[in-house]
Amino acid sequence: QQVIPFQKESEARFDNEEMGQIIGKLQEAIPDTEVITDLEKFKEVLAANGYTEGPMPLGFEFKGKVYINPEKATLETPIHEFGHIFINQLEKNNPELYQKGIELIKDSDLLNDVRKFYPGLSENAAYKEALAEAIGKQGIGIFNDKNKEKTFLDYLKEFWQAIAETFGFKGEDAKYVGDLLQAANIE
């Protein structure tokens, strides 16, 4: 698995209480997911995977663990990184819905940004990264076309329902995680 630290830096920072609440709720959804917020471990895993140049990422998901940079992360960061776990499960358990998300993201400027930021990334990895970013942003500002944005927002409802079924949490919890995404979209 490749470490793909895409999220761009933002002026928006978090307070530890808010970040803890978001991480806590996400860990309720996927209890076996370890979240590492120790900066030294964060840097160690990056370096061990060949990431030694470029800006320090806000976070990344690697081998089912979520790594959060405590110095740079925003409230969107854990949601984005858990989004990779959700996407991987969706690809495995509901390939049709996964493919629908990929098809929707193919027209986005976000996919072009991912390709520019990672010129060596495989197409599949670029699609997954763009989809995770779009989910983290709740589809807001991803498309220049309002109809495409609405279609993606409709897709997100299906996405969260499938995730709720996959991980066994109730519809209200799925809605809460979706609401967290919306609340964290603070750019």
Side-chain angles (χ1 to χ4, degrees), residues 1-46 49 51 54-91 98 101 105 110 113-114 117-118 125 128-142 152 156-157 159-164 166-170 172-187:
Q1 183 178 359
Q2 191 175 9
V3 174
I4 306 172
F6 176 65
Q7 276 198 308
K8 297 177 183 171
E9 284 198 52
S10 167
E11 294 300 312
R13 293 288 180 258
F14 63 90
D15 72 33
N16 287 331
E17 186 177 333
E18 286 177 298
M19 182 64 80
Q21 289 172 349
I22 290 172
I23 290 172
K25 197 61 179 177
L26 290 165
Q27 283 184 302
E28 283 178 31
I30 313 176
D32 294 336
T33 302
E34 185 177 354
V35 178
I36 291 91
T37 58
D38 178 86
L39 186 60
E40 291 310 311
K41 285 187 182 203
F42 182 91
K43 289 178 179 179
E44 182 181 305
V45 173
L46 279 178
N49 285 280
Y51 191 86
M56 183 63 69
L58 307 183
F60 59 92
E61 181 271 334
F62 184 66
K63 294 186 177 179
K65 294 181 181 179
V66 172
Y67 295 81
I68 305 293
N69 181 334
E71 292 182 347
K72 296 189 176 257
T74 67
L75 291 174
E76 186 184 317
T77 303
I79 297 164
H80 172 95
E81 301 311 335
F82 269 82
H84 286 290
I85 295 169
F86 293 143
I87 289 166
N88 291 337
Q89 287 300 313
L90 187 68
E91 181 181 28
Y98 166 79
I105 208 68
L110 187 57
D113 290 346
V114 169
F117 201 75
Y118 299 111
K128 283 184 172 183
E129 185 61 32
L131 186 56
E133 188 73 10
I135 289 166
K137 294 180 177 297
Q138 282 290 80
I140 307 300
I142 307 270
F152 190 81
L156 281 177
K157 292 175 188 170
F159 174 86
W160 285 114
Q161 185 58 45
I163 293 304
T166 298
F167 289 101
F169 51 91
K170 308 265 187 286
E172 274 306 304
D173 286 337
K175 183 181 178 329
Y176 181 79
V177 173
D179 289 346
L180 278 176
L181 287 170
Q182 186 65 42
N185 187 19
I186 49 171
E187 291 195 345

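Just so you know, these numbers use all the heavy atoms, side chains as well, and skip hydrogens, waters and symmetry mates. A quick note: this is a predicted structure, and the numbers were derived from the prediction, not measured.
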*Asks:* Can you tell me how far CD1 of Ile22 sits from CD of Gln27, rounded to the nearest 0.5 angstrom?
*Replies:* 12.5 Å
*Asks:* Partners of Tyr98 by ring-ring contact (aromatic ring centres under 6.0 Å, His included), sequence neighbours excluded?
*Replies:* none
*Asks:* Work out which heavy atom in Ile68 is nearest to a heavy atom in Ala73; give both atom names and the distance.
*Replies:* CG2-CB, 3.5 Å
*Asks:* Between Asp113 and Phe117, does a side-chain contact (heavy atoms from CB on, under 4.5 Å) hold up when you go through it step by step?
*Replies:* CA-CA 6 Å; Asp113 290 346; Phe117 201 75; over 6 Å; no
*Asks:* Rounded to the nearest 0.5 Å, what's the gap from OH on Tyr67 to CZ on Phe42? Could you check?
*Replies:* 10.0 Å
*Asks:* Taking the side chain from Asn69 and the backbone from Gly59, do they hold a donor-acceptor pair closer than 3.5 Å?
*Replies:* no
*Asks:* Per the salt bridge (charged side-chain N to carboxylate O under 4.0 Å, His left out) rule, what does the pair list look like for residues 33-42, sequence neighbours excluded?
*Replies:* Glu34-Lys65
*Asks:* Within this structure, what is the OG1-CD distance for the pair Thr74 and Glu18, rounded to the nearest 0.5 Å?
*Replies:* 11.0 Å
*Asks:* Roughly how far apart are Leu131 CG and Ile87 CD1, rounded to 0.5 Å?
*Replies:* 4.0 Å
*Asks:* Would Ile135 and Phe86 satisfy side-chain contact (heavy atoms from CB on, under 4.5 Å), going step by step from the backbone distance to the final call?
*Replies:* CA-CA 10 Å; Ile135 289 166; Phe86 293 143; 5.9 Å; no
*Asks:* ring-ring contact (aromatic ring centres under 6.0 Å, His included) with Phe159: which residues, sequence neighbours excluded?
*Replies:* none
*Asks:* Once you round to the nearest 0.5 Å, how far does CD of Glu44 lie from CG of Leu39?
*Replies:* 11.5 Å
*Asks:* Quick one: CD on Gln21 to CG on Leu75, what's the gap to the nearest 0.5 Å?
*Replies:* 10.0 Å
*Asks:* Any luck finding a side-chain donor-acceptor pair between His84 and Gln89 under 3.5 Å?
*Replies:* no
*Asks:* Yes or no on side-chain contact (heavy atoms from CB on, under 4.5 Å) for Ile85 and Thr33, after CA distance, side-chain angles and deciding distance?
*Replies:* CA-CA 9 Å; Ile85 295 169; Thr33 302; 3.5 Å; yes
*Asks:* Applying the salt bridge (charged side-chain N to carboxylate O under 4.0 Å, His left out) criterion to Lys128, which one of Glu61, Glu91, Glu133 satisfies it?
*Replies:* Glu91
*Asks:* Taking all atoms of both residues into account, what is the closest heavy-atom pair of Ile23 and Pro78, and its distance?
*Replies:* CG1-CB, 3.9 Å
